[in-house]
Amino acid sequence: MSFQLTVLKVLAGQPTGRASVAEVRHAVEILMNSGKDWTDRMKRLAEHAPDLNIFSARFVVRDAAGWEITEEGRQFLGALETAIAVRRSPLRPVDDPLASGPSARNATKLSDPPRRHRRNGPRRRKGRSNRRTA
């Protein structure tokens, strides 16, 4: 499944949503070998779409020129990524005072760090004269 999701991501990243089979193959190879982060991300997405078939679901259409993501494919990918993002974000109860209400608007703002006080007058460095020599 993660391979098919990678194909969807590759096609969604193309300006026209279309790529030749060689371009798709090359991009998928790079991503699948790019490291653990990509593989783990695709596995998380695949958990939410265990029986995915991007071709029979008509998320990707194939022709002699290559593969193209459909609008349904873009919507599916967007919904899947949103579901993962929402699942991973911490949830707050509706009655959480930090989430809404006047206290959220009047929350204490972190102050700026204290400023150093400058001495009045010119600053002198030890061991150096203020005069220019010719």
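All values below were derived from every heavy atom in this structure, side-chain atoms included, with hydrogens, water molecules and symmetry-related copies excluded.
Rounding to the nearest 0.5 Å gives a distance of 8.5 Å between CD1 of I69 and CD1 of I54. Annotation: the span from R44 atom CZ to T39 atom OG1 amounts to 10.5 Å, rounded to 0.5 Å. In this structure, CH2 on W67 lies 12.0 Å from CD on E23, to the nearest 0.5 angstrom.
In the hydrophobic cluster analysis, where Ile, Leu, Val, Met, Phe, Trp and Tyr join through side-chain heavy atoms closer than 4.5 angstrom, L11 is grouped apart from V61. V10 and I30 end up in different hydrophobic clusters when Ile, Leu, Val, Met, Phe, Trp and Tyr side chains are linked at under 4.5 Å. By the criterion of side-chain heavy atoms lying less than 4.5 angstrom apart, applied directly or through intervening Ile, Leu, Val, Met, Phe, Trp or Tyr residues, V21 is grouped together with L31 in one hydrophobic cluster.
Salt bridge status for R41 with E81: present, with a side-chain N to carboxylate O gap under 4.0 Å.
Looking at L80 and L5, their side chains come closer than 4.5 Å, going by heavy atoms from C-beta outward. A 4.5 Å side-chain heavy-atom check between W38 and T6 finds at least one atom pair inside the cut-off. In this structure the side chain of L52 reaches within 4.5 angstrom of the side chain of F76, judged on heavy atoms.
Other residues, nucleotides and ligands contribute only 12 or fewer heavy atoms inside 6.0 Å of the CG atom of D37.
A19 and Q14 make their closest contact through CB-CG, 4.2 Å (heavy atoms, listed as atom of the first residue, atom of the second, distance). Considering every non-hydrogen atom in both R58 and E72, the closest pair reads O-OE1, 4.3 Å. In plain terms, the two heavy atoms of A12 and R74 that are nearest each other are O-NH1, 3.5 Å.
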